[in-house]
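Naming: A, B, ... by sequence-line order, numbering from 1 per chain. Values below: every heavy atom of this structure, side chains too, minus hydrogens, waters and symmetry copies.
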Amino acid sequence: MMSHLINISRKIRNVHDLRQLHAQLVHHSLHHHNHWVALLLNHCTRLVAASNYASHIFESATYPNVYVFICIIKYYSQSQTQSEAVSLFKHMQYNDIKPDASLYPILIKCAGKACGVLFHSHVLKLGYVHDHYVRNAIMGMYAKYGPVHLARKLFDEMHDRNVADWNVIISGYWKWGNEEEASRIFHMMGESQRNVITWTTMVTGYAKSRNLKTARMYFDNMPQRSVVSWNAMLSGYAQSGEPQATIRLFNHMLNSGNEPDQTTWVTVISSCSSLADDDPSLVDLVLRKLEKVNFQSNYFVKTALLDLQAKRGNLEAARMIFDQLGVGKNSVTWNAMISAYARAGDLSVARDLFNKMPERNTVSWNSMISGYAQNGESLMAIKLFKEMISSKDSKPNEVTMVSVFSACGHLGALDLGNWTVSTLNENNIKLSISGYNSLIFMYSRCGSIEDATIIFQEMETRDLVSYNTLISGLAAHGHGMEGIKLMSKMKEDGIEPDRITYIGILTACSHAGLLEEGQKVFQSIKVPDVDHYACMIDMLGRAGKLEEAMKLIRSMPMEPHEGIYGSLLNAACIHKRVELGELAAAKLFKVEPHNSGNYVLLSNIYASAGRWKDVDKVWDTMRKQEVQKTTAWSWVEHKGEIHKFIVGDRSPKRSDDIYKLLANIKVKLRRAGYVVDKSCVRRDVEEEEKEEIVGVHSEKLAICFALLVSDIGSVIRVGKNLRICLDCHTSIKMISKLEGRQIIVRDNNRFHCFSDGLCSCNDYW
DNA sequence: GTAGGGTTAG
């Protein structure tokens with residue numbers, strides 16, 4: 001019978017075999033015996049079986065001896081539950097079982113700093129400190145948690161070091177960023193003393209400090225390479241954002257007859273994920289290779305593969321991998337699936353998974369919050385962020401804040417933005433450059449270009465995005481000259497402007513009426529993009545130089561796109577040039593027949609020329625083409641809350657109050673000598689009476705005025721594709737004078753700052 | 001039984 005059981009135990013390949021052996025042992029009442037318990041636990045460790053199964057086996061031992069404890073502690077130290085290992089060790093001490101030296105390296109490795117130091121004192125007392133494995137583990141503990149000089153002290157005191165000791169101290173110095181000392185010790189070693197791990201440690205060290213050239217030099221000079229060495233170099237390229245180089249080295253690896261392992265595939269697949277848009281054929285090639293080798297993928301590989309399928313747009317394939325993972329899914333798998341749906345814009349499915357997942361972490365919240373933020377659901381993003389803070393199961397980090405800042409910026413909600421900034425300190429969040437960049441974006445989109453500038457100035461280092469964000473902000477606020485100055489400062493700092501910078505600068509010039517400066521900048525662009533031409537058409541058009549604009553269009557080396565004709569149509573509208581407007585509109589109706597904005601502009605051109613029949617014709621075409629007119633809306637922030645208003649909609653809670661207030665203002669305005677008509681206001685001056693009043697815009701703005709005068713000062717946000725029309729401008733100017741206050745209105749991406757009856761943006765006028 | 005490599009969020 002015994003030999004039968006021993007035979008079974010030799011043939012264990014998977015968890016199923018293990019369970020069968022366990023059943024046999026229970027059948028023969030042998031499962032209490034330490035010998036068999038230890039054997040089963042060793043199999044658990046080898047197979048990475050479920051932790052409750054291992055503890056079940058352990059508990060069946062009646063009087064566990066030191067070997068059984070070693071097995072279970074080893075098991076826990078290799079699975080995710082390392083704190084269990086330490087608590088079992090305490091359990092062992094409680095039962096007066098004397099640990100032997102071989103247990104300490106395992107314990108120290110998984111203990112964390114405080115326990116590690118405690119174990120150090122244990123081994124000193126027990127006299128185990130001269131054991132090679134023990135002292136190596138202690139050194140490794142100090143190398144990992146610091147202070148690294150204690151590791152060095154142990155190292156210096158050794159008179160019979162082996163290669164593992166050298167390797168630990170070198171990797172310790174790399175961990176603490178001490179490249180110099182790591183390299184010094186490497187060179188202290190003799191050529192024959194170094195092994196493949198020593199070399200790999202150097203490759204990893206240089207790769208992690210982004211010194212890929214030196215990393216590659218060590219890699220090329222290695223006497224021999226293991227699969228780990230290849231993986232170290234591959235991940236070096238991958239982590240530095242060089243996916244092409246990763247794939248190139250991977251091909252080199254295969255061609256020189258090396259067998260990739262799970263880690264290799266994870267690295268390569270995740271590099272493919274970032275190439276999914278740029279080079280789909282290369283990605284297909286790698287996927288075919290993976291199919292050909294047909295090997296056992298672990299969860300890491302499957303999760304990476306899930307992410308890749310999602311990023312190349314194959315959500316079904318991604319979902320299949322997710323479902324096939326069954327109960328083996330961890331939070332990373334869930335997060336990958338959630339962000340896949342969120343990226344694709346399928347927010348309800350993403351949210352459903354988010355609600356269902358068993359354990360959420362910071363990445364789960366971030367995936368969902370950024371999903372909302374990037375799909376225009378700014379309010380939902382902020383709502384979920386508030387839930388995250390009160391849930392307390394995970395803390396927000398910089399990535400969370402980037403999404404939240406962006407959401408606040410899109411809303412133009414300054415109070416909310418200031419509140420999110422205050423959560424930074426409460427949660428001890430440090431920002432990196434990209435965090436500060438999103439803060440610049442938020443402040444500038446919330447109308448506070450001053451705060452945006454302060455953040456920019458306070459930054460220790462700035463990158464291209466920092467400059468571009470502030471330049472675009474200045475452009476939107478009409479500060480053209482400051483934008484140009486910032487561009488020269490940028491060049492002084494050694495950062496070359498890119499196409500985004502030039503779009504920002506040209507927009508700034510266009511909005512500030514800086515024609516000459518804008519033209520100079522345009523001429524300095526080496527290879528102008530079609531969008532740069534669009535900015536120039538806009539600039540010339542606003543300045544009334546429509547003939548020059550037409551000339552520029554004809555001289556373009558590329559095919560004009562909708563932005564070009566859009567700018568032309570806009571200019572024709574401002575300067576009431578019917579024939580040019582018709583030309584531009586005809587082009588636009590072909591390219592984007594369902595954009596309602598173009599029809600509205602053309603109809604406005606006809607209206608300003610008194611050609612009412614043509615106005616009707618435009619609206620008829622719109623109806624025939626079934627063009628949906630964008631509903632006019634606006635929102636304002638009041639005490640951290642967002643109030644959205646849709647034209648004609650009287651349902652919001654406060655709408656009765658608002659309309660009452662509106663009526664009051666009308667009275668106030670009439671007394672001050674203004675004409676109030678259909679909820680809009682204008683001065684009763686002859687030349688302005690000719691202006692056609694576009695009711696929709698005026699009404700919703702009027703609602704905002706009501707809020708403004710009811711003691712709320714913040715940015716008014718006007719819906720996308722809508723423009724503030726002339727009468728609105730007049731109204732706001734007048735109210736700013738009447739109320740003696742500053743009013744900021746955001747119209748798509750432009751800001752209009754009104755104070756004392758003047759507007760600082762000379763757009764349209 | 002010591003040392004080296006890996007998945008998800010902006």
(message) Any residue in residues 160-175 of chain A with a heavy atom nearer than 4.0 angstrom to DNA chain B? Just list them by number, or reply none.
(response)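 Those residues are A/Asn162, A/Ala164, A/Asn167, A/Val168, A/Ser171, A/Lys175.
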(message) Determine whether a donor-acceptor pair (one donor, one acceptor, N or O, separation below 3.5 Å) exists between the side chain of A/Ser226 and the base of B/dG4.
(response)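 It does, because a donor-acceptor pair links the side chain of A/Ser226 to the base of B/dG4 below 3.5 Å.
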(message) Which heavy atom of A/Lys311 sits nearest to which heavy atom of A/Ser273, and what is that distance?
(response)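 Minimum heavy-atom contact is CD-O, 3.6 Å.
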(request) Looking only at non-hydrogen atoms, find the nearest pair between A/Ala143 and A/Ala151 and report the distance. (result)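 Closest pair (atom of A/Ala143, atom of A/Ala151, distance): N-CB, 3.8 Å.
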(request) Could you tell me which residues satisfy side chain to side chain contact (heavy atoms under 4.5 Å, CB included) with A/Phe322, sequence neighbours excluded, listed by chain and number? (result)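 Per chain and number, A/Phe322 pairs via side chain to side chain contact (heavy atoms under 4.5 Å, CB included) with A/Leu306, A/Arg319, A/Lys329, A/Thr333, A/Trp334, A/Met337, A/Leu353.
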I need the [atom1]-[atom2] distance between [X] and [N], as an integer number of Å.
X        : N      : atom1 : atom2 : answer
A/Trp199 : B/dA3  : CH2   : P     : 21 Å
A/Ile138 : B/dA3  : CD1   : P     : 13 Å
A/Gln239 : B/dT8  : CD    : P     : 9 Å
A/Tyr372 : B/dA9  : OH    : C1'   : 15 Å
A/Phe322 : B/dT8  : CZ    : C1'   : 12 Å
A/Lys311 : B/dG10 : NZ    : P     : 7 Å
A/Asn136 : B/dG1  : CG    : P     : 15 Å
A/Lys395 : B/dA9  : NZ    : C1'   : 18 Å

(request) Look at A/Arg343 and B/dA9 and indicate whether a side-chain polar atom (N or O) is within less than 4.0 Å of OP1 or OP2. (result)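 Indeed, a polar side-chain atom of A/Arg343 lies that close.
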(message) If you compare every side-chain N and O of A/Ser370 against the phosphate oxygens of B/dA9 (OP1, OP2), does one of them come in below 4.0 Å?
(response)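 Result: no.
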(message) Taking A/Thr400's backbone N and O only, do any of them form a donor-acceptor pair with A/Asn397's side chain (distance below 3.5 Å, no angle check)?
(response)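 Yes: the side chain of A/Asn397 pairs with the backbone of A/Thr400.
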(message) Keeping A/Ser226 on the side-chain end and A/Val228 on the backbone end, is there a donor-acceptor pair under 3.5 Å?
(response)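 Pair found, side chain donor or acceptor close to backbone of A/Val228.
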(request) Would you kindly say whether A/Arg351 and A/Tyr372 are connected by a side-chain donor-acceptor distance under 3.5 Å? (result)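 Distance-only check passes for A/Arg351 and A/Tyr372.
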Would you classify [X] as touching base, sugar-phosphate or nothing, given that sugar-phosphate means primed atoms plus P, OP1 and OP2, and contacts are heavy atoms under 4.0 Å?
X        : result
A/Thr263 : base
A/Gln374 : sugar-phosphate
A/Lys208 : sugar-phosphate
A/Asn195 : base

Closest listed nucleotide, where the reference is the side chain of [X] and the choices are [options]:
X        : options              : result
A/Val402 : B/dT7, B/dA9, B/dG10 : B/dG10
A/Asn397 : B/dA9, B/dG10, B/dG6 : B/dA9
A/Thr204 : B/dG4, B/dA9, B/dG6  : B/dG4
A/Val266 : B/dG6, B/dA9, B/dA3  : B/dG6
A/Ser434 : B/dG6, B/dG10, B/dG4 : B/dG10
A/Thr267 : B/dA9, B/dG4, B/dG6  : B/dG6

(message) Going by the rule ring pair (Phe, Tyr, Trp, His ring centres under 6.0 Å), which residues pair with A/Phe354 if we only count those two or more places apart in sequence or in a different chain?
(response)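 If we apply the ring pair (Phe, Tyr, Trp, His ring centres under 6.0 Å) test to A/Phe354, skipping adjacent residues, the hits are A/Trp365.
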(message) The test is side-chain contact (heavy atoms from CB on, under 4.5 Å); show your working for A/Asn255 and A/Met253 and say whether it passes.
(response) CA-CA 6 Å; A/Asn255 293 338; A/Met253 179 184 178; over 6 Å; no
